[in-house]
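Just below is one structure, and these are the notes that go with it.
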Amino acid sequence: MTHMPDTVVPNRLQSLYRSSLALLTDLYQLTMAHGYWKTGMDQREAVFSLFFRRNPFDGGYSLAGGLEFVVDYLQSFRFTDGDLEYLAGLLGNDDRRLFPDEFLRALEDLKFTCDLDAIPEGTVVFSPEPLLCIRGPLLQCQLLETPLLNLINFQTLIATKAARICQAARGESILEFGLRRAQGIDGGLAASRAAYLGGCAATSNVLAAKLFGIPVKGTHAHSWVMAFPTEREAFFAYAESMPNNCVFLVDTYETLEGVRRAVEVGKWLRSQGHEMVGIRLDSGDLAKLSIEARRILDEQGFENAKIVASNNLDEYIISSLEDQGAAVDVWGVGTRLATSYQQPALGGVYKLSAIRDRKGRWQHKLKLSEQAIKVNNPGIHQVRRYRRQGRFVADLIFERELGIGEPPTLVDPLDSTKQKMVPADAEHHDLLVPIFREGRLVCQTPSLLESRRFAKEQLEQLDPGVKRFLNPAQYPVGLEKRLHQLKTRLILQARGSQLG
């Protein structure tokens, strides 16, 4: 297995794509932007919140990811001549242009000038607290909806999946190698990055390793063994060509015989001054085979050789194999991690929560729904996390201008009869931190490795019951009483106006 080189390419979206990604959006964002411009609302100050309604995988938590990509995107946000030329050619159903030259000139001059607050990558997060809050001209905020959701949703989803899989492995290493099954180039790269954030030890994805500074590891495939007349010849050839990276895939024909042939080649390697790293199992009864393989390796003096296991693994299968006493040191997880096989999307949303009226006064906004979970929270938000005796105990979503009453009380967003007071001796800190002010980056973005370490610390402070795979305990997240009262009042007003 190989080691990470010292040189790392800076993590920038521009290194993957062309300089402009302004058209990475849905058409209706541009048609609404045109409407705001046409009606003179484009510069009106607005606030949008990005959040998700349910934790993925029927789990008890999520792990925030993708913020570094957001920073990169916003720093290079602009419409190029080529973008504007394309937009000028779009036609409506009357075969006339959708966007006039005056609007396109406004886009040409557009610069990102918003404020952005965000929860740092690697933070344990919960529904329905905002991961991002963006404040600025309405037109800009609207244009950013689709790309921000695209960048945050997927990496948060994969980082969460990786954290769950690492938890199932009970301290053993997880290797991510889902590139061949990932949803395209970007899906593969973003998945590898998010998986490392969530706790995976390395990736097989060489480009991701180069771009993001992730350790890269890999061995050989069945095709290598099949290309030679015998398995023994294949192992010897691999050992001769790659003596410092020998993890032999032993299940091409008969697994335990493959282990014995690997031992034979391992002894030869040792005579040449090298050491066999281990073997890989990719099929069959992984619990039984790993136990037998461990016995063979130990009896032949290869106590330090690692056993790597793969084969459509996820947290549930790994947990079951661990319960069966599988003698596996390293788990290789591909498809079910990189594609989030169990749940393909996070379901994050981006909602307008406040806008200034023509007199400059804030108007709090919400959308109604017959489903309580789809009624967003109005106002300009902050999330306060409370901790007691080294554990997270509650998160309080509050409206910044309204503040927090005493004692701090959580009201369940979906059932106002459920209320919880924060323990008087709990420490607290606010999760949303300034990232941009008037379009200028005002924070130092941590490295991916730093965010990975932070995620590990976060998960250690989360109650074990919340991390259960089946029927996890519900972590207390609630609205501050004043925000709850504001939301209730606006709901009643909106329903009254609809009835009228």
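Numbers here are sequence positions counted from 1.
Side-chain contact check for Val349 versus Phe52: every heavy-atom pair is 4.5 Å or farther apart. In this structure, the side chains of Phe177 and Ser310 come closer than 4.5 Å at one or more pairs of heavy atoms. Using a 4.5 Å cut-off on side-chain heavy atoms (C-beta onward), Ile435 and Val433 make contact. Annotation: side chain of Tyr61 is in contact with side chain of Leu459 (closest heavy-atom distance under 4.5 Å). Residues Ser353 and Pro378 are not in side-chain contact: their nearest non-hydrogen atoms beyond the backbone lie 4.5 Å or more apart. Contact of the Ile214 side chain with the Leu449 side chain is not registered, since no non-hydrogen atoms from C-beta on lie closer than 4.5 Å.
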Just do the ring-ring contact (aromatic ring centres under 6.0 Å, His included) check on Phe469 and Phe57 with the steps written out, would you? CA-CA 8 Å; Phe469 298 146; Phe57 317 117; over 10 Å; no

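Rounding to the nearest 0.5 Å places CZ of Arg54 at 8.0 Å from OG of Ser127. Atom CD1 of residue Ile355 and atom SG of residue Cys141 lie 9.0 Å apart, to the nearest 0.5 angstrom. Distance CG/Asn376 to CZ/Phe51: 5.5 Å, rounded to 0.5 Å. Considering CE of Met32 and CG of Leu27, their distance stands at 10.0 Å, rounded to 0.5 Å. To the nearest 0.5 Å, atoms CG (Leu410) and CD (Glu480) are separated by 9.0 Å. Remark: Leu143 CG to Asp42 CG distance equals 10.5 Å, nearest 0.5 Å.
Under the 3.5 Å distance criterion, with hydrogens and angles disregarded, a donor-acceptor pair is assigned to the side chains of Thr113 and Gln140. For the residue pair Gln155 / Arg193, a side-chain donor-acceptor distance below 3.5 Å is found, with atom types taken as modelled. In summary, the side chains of Asp83 and Thr80 do present a donor paired with an acceptor at a separation below 3.5 Å, with no hydrogens or angles considered. Checked by atom type, the side-chain pair Asn205/Thr203 shows no donor-acceptor distance below 3.5 Å. Donor-acceptor pairing under 3.5 Å is lacking for the side chains of Gln419 and Thr409. Side-chain contact check for Arg164 and Tyr316: at least one donor-acceptor pair (N or O, by modelled atom type) lies under 3.5 Å. Using modelled atom types and a 3.5 Å distance limit, the side chains of Lys161 and Gln343 yield no donor-acceptor pair.
Scanning both residues, Asn55 and Val125, for their nearest heavy atoms gives OD1-O, 4.0 Å. Of all heavy-atom pairs between Gly403 and Phe398, the closest is O-CB, 4.1 Å. For Ala182 against Gly187, the heavy-atom pair with the smallest separation is CB-C, 4.0 Å. Of all heavy-atom pairs between Gly379 and His364, the closest is CA-CD2, 3.5 Å. Minimum heavy-atom separation, Leu67 to Pro120: CD2-CA, 4.1 Å. In terms of heavy-atom proximity, Ile491 sits nearest to Val375 at CD1-CG1, 3.9 Å.
Ring geometry, Phe112 versus Phe436: the interplanar angle exceeds 60°, so the pair is classed perpendicular (tilted spans 30 to 60°).
Salt bridge Glu457/Arg453: absent, no basic N to carboxylate O contact under 4.0 Å. A salt bridge between Arg437 and Asp117 is present, with a side-chain N of the basic residue lying under 4.0 Å from a carboxylate O of the acidic one. The pair Glu427-Arg388 does not count as a salt bridge, with every side-chain nitrogen at least 4.0 angstrom from each carboxylate oxygen. Asp109 has no carboxylate O lying under 4.0 Å from a charged side-chain N of Arg78, or vice versa, which leaves the two without a salt bridge.
No donor-acceptor distance shorter than 3.5 angstrom exists from the side chain of Gln43 to the backbone of Pro137, with no hydrogens or angles considered.
The number of heavy atoms from other shown groups lying within 6.0 Å of CD (Gln363) is above 12. Within a 6.0 Å sphere centred on CG of Asp58, other residues, nucleotides and ligands contribute 12 heavy atoms or fewer. The local environment of CZ in Arg358 is sparse, with at most 12 non-hydrogen atoms from other residues, nucleotides or ligands closer than 6.0 Å. For CZ of Arg468, the number of neighbouring non-hydrogen atoms (other residues, nucleotides, ligands) closer than 6.0 Å is greater than 12. Within 6.0 Å of atom NZ in Lys487, more than 12 heavy atoms from other residues, nucleotides or ligands are found, so the atom counts as buried in its surroundings.
In terms of the ring-ring contact (aromatic ring centres under 6.0 Å, His included) criterion, Phe154 has no residue partners (sequence neighbours excluded). Under the rule for a ring-ring contact (aromatic ring centres under 6.0 Å, His included), Tyr36 has no partner lying at least two apart in sequence or in another chain.
Stacking of Arg385 on the aromatic ring of Phe392 is recorded, both the 6.0 Å distance cut-off and the 45° axial limit being met. For Lys111 and Phe77, the positive end is not near the middle of the six-membered ring at less than 6.0 Å and at most 45° from its axis. Within the cation-pi definition used here (under 6.0 Å to the ring centroid, within 45° of the axis), Arg452 qualifies as a partner of Tyr196.
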Could you give the side-chain donor-acceptor pairs of residues 98-107 under 3.5 Å, partners two or more places apart or in another chain?
unit_1 : atom_1 : unit_2 : atom_2 : d
Asp101 : OD1    : Arg97  : NH1    : 3.1
Asp101 : OD1    : Arg97  : NH2    : 2.7

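Ring centroids of Tyr475 and Phe126 are separated by less than 6.0 Å, placing the two rings close together.
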